[in-house]
Amino acid sequence: MTDKTELGNIIRSQIKTKALFNQVRSYAFDYMDTIHDRPVFPSPDTLEKLSVFDEPLPDKMGDPEKFLTLLHEYGSPATVAQTGNRYFGFVNGGVTPAAVAAKWLSDVWDQNAGLFVISPIAAHLEAICEKWLVDLFELPENTKAGFVSGTSTATLCGLAAARNFLLKRAGWDVHKKGVFNAPKIKVVLGEEAHSTVFKALSLLGFGLDDLIRVKTDREGRMIASKMPDLDETCLVIAQAGNVNTGAFDPFHEICDKAKKAGAWVHIDGAFGLWAKGSGSKKHLAAGIENADSWSVDAHKTLNAPYDCGIVLCKDESALVSALQNTAAYIQYSKNRDSMLYTTEMSRRARSVELWATLKFFGRKGIETLVDGLCENARLFARELKENGFHILNEIDFNQVLVTCDTESLTQAVLTEIQSSGICWCGGSVWKETSVIRISVCSWATTPDDVHMSVKAFIDARKRALSKQSKKESK
Ligand SMILES: *Cc1c(COP(=O)(O)O)cnc(C)c1O
């Protein structure tokens with residue numbers, strides 16, 4: 001048994017010597033220095049070795065020096081190299097040293113960003129990020145931001161604000177009366193809305209069978225002329241950046257219709273809202289400023305560290321009325337009290353690294369970043385096409401959908417790529433066709449990485465074809 005004094009002494013001496021921090025600092029630097037040479041996805045052998053962590057909850061206190069070594073020896077190799085230069089899976093993003101360093105400092109601060117009185121610095125940096133983002137996205141003045149884990153939660157918050165606002169206007173107080181007997185809200189969204197939108201709607205009491213799904217075009221854009229007649233009971237959900245094609249809904253048309261009818265518009269702009277940061281791409285997001293609420297991720301296109309999503313809402317009172325809670329011990333201040341804008345009460349101070357990311361890039365850097373992702377996506381598509389692959393989408397942004405000559409070959413090539421270690425792409429289904437989905441999301445990707453990855457595609461196809469022909473000859 002360790003007694004109380006001994007426990008305190010052990011921890012105090014760890015703070016005093018800094019040995020653990022120096023130890024992991026060298027591991028972290030080692031990881032950064034070798035990221036380009038690591039397999040992008042860990043080998044089966046590495047994954048098998050994760051069993052070194054398997055044990056029942058230990059009785060005795062552990063020796064951090066030993067278990068931090070374990071973490072580096074077995075944990076680091078079992079990461080995906082998504083901070084490297086050839087990770088194209090899902091829609092992720094890279095990180096910058098400036099932001100990670102700021103995050104390290106904020107890790108040491110260990111702030112709870114719930115209220116101004118719990119963390120003035122977190123609240124202050126949130127207020128600054130809010131102003132910068134509203135400016136960058138060209139949103140209405142006084143738009144409020146809540147800083148959450150990601151777009152899933154941001155969308156939940158935005159749609160909660162919308163639901164409560166629309167019902168309040170219809171004379172129904174959701175707080176008091178709940179949702180089950182409430183007047184009907186008609187939810188209108190594109191067939192191609194992201195899965196997290198459906199999750200948020202279902203959490204908020206909307207039935208999925210009840211949604212009005214609007215036809216989309218070949219790129220997955222909502223066809224505005226196919227929208228039903230809207231009225232003041234409608235909640236319209238549009239999308240900036242389709243998760244497969246990267247396509248953007250026609251916001252001007254959608255918002256014009258919605259505004260005339262008094263409907264609420266929410267835009268899921270997880271990765272696409274950042275188009276606003278580029279002079280040559282912002283036309284894609286034109287008209288988003290006419291919506292009422294938005295959700296966006298900083299951990300995608302902006303390359304901020306995980307996790308960092310933002311809900312933005314034009315009507316502060318709608319957001320606050322949906323998300324506030326009260327208790328005798330909560331001490332609100334005249335300053336920004338962040339828990340009014342998010343689902344959580346306690347929350348880490350992610351505004352620190354978001355601020356550092358925005359401050360590092362600045363407008364110019366964001367533009368260069370966004371343009372670079374789009375250029376590399378176009379290069380990818382061009383080189384793949386030249387090498388006999390098929391590209392299924394228009395490359396307006398950072399997404400590329402690839403197929404081979406047959407469905408089975410596409411799937412076999414995907415498997416080969418995922419185990420190649422050279423790059424990593426995910427799969428998806430687009431218009432009932434299996435596709436390999438490339439998402440260029442990191443500042444770290446260079447044209448050389450694209451060449452190397454295209455070569456990995458060609459080699460993967462060779463291996464897949466030779467396996468197929470072996471199977472057939474058996
Ligand atoms: C990634 C994504 C989401 C979900 O965001 P998380 O940060 O993973 O919660 C929602 N919508 C779109 C379009 C996305 O690309």
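We're numbering straight along the sequence, starting at 1. Numbering of ligands and ligand atoms starts at 1, following listing order.
Checked against the 6.0 Å centroid criterion, the rings of F165 and W264 qualify as a close aromatic pair. You'll find the ring centres of F380 and F88 inside the 6.0 Å limit.
Considering G150, A200, S152 only, the shortest heavy-atom separation from atom 8 (O) of ligand 1 involves S152. Among K199, K300, H299, the residue whose heavy atom sits closest to atom 3 (C) of ligand 1 is K300. Looking at T151, T301, D268, it is D268 that brings a heavy atom closest to atom 11 (N) of ligand 1.
Dense packing is recorded around OH of Y31, with more than 12 heavy atoms of other residues, nucleotides or ligands lying under 6.0 Å away.
Inclusion of D297 in the set of residues having an N or O under 3.5 Å from an N or O of ligand 1 is warranted.
A distance of 10.0 Å separates NZ of K103 from SG of C308, quoted to the nearest 0.5 Å.
Annotation for ligand 1: atoms under 4.0 Å from non-hydrogen atoms of G241 are 13 (C). Residue-ligand proximity, V243 to ligand 1, at heavy-atom distances under 4.0 Å covers atoms 15 (O).
Judged by the shortest distance from any of its heavy atoms, G309 lies outside the 4.0 Å radius around the atoms of ligand 1.
Under a 4.0 Å N-O distance rule, the pair E192/R221 does not qualify as a salt bridge.
Side-chain contact check for R382 versus E386: some heavy-atom pair is nearer than 4.5 Å.
Contacts with ligand 1 closer than 4.0 Å are made by side-chain heavy atoms of F271 only, the backbone lying farther away.
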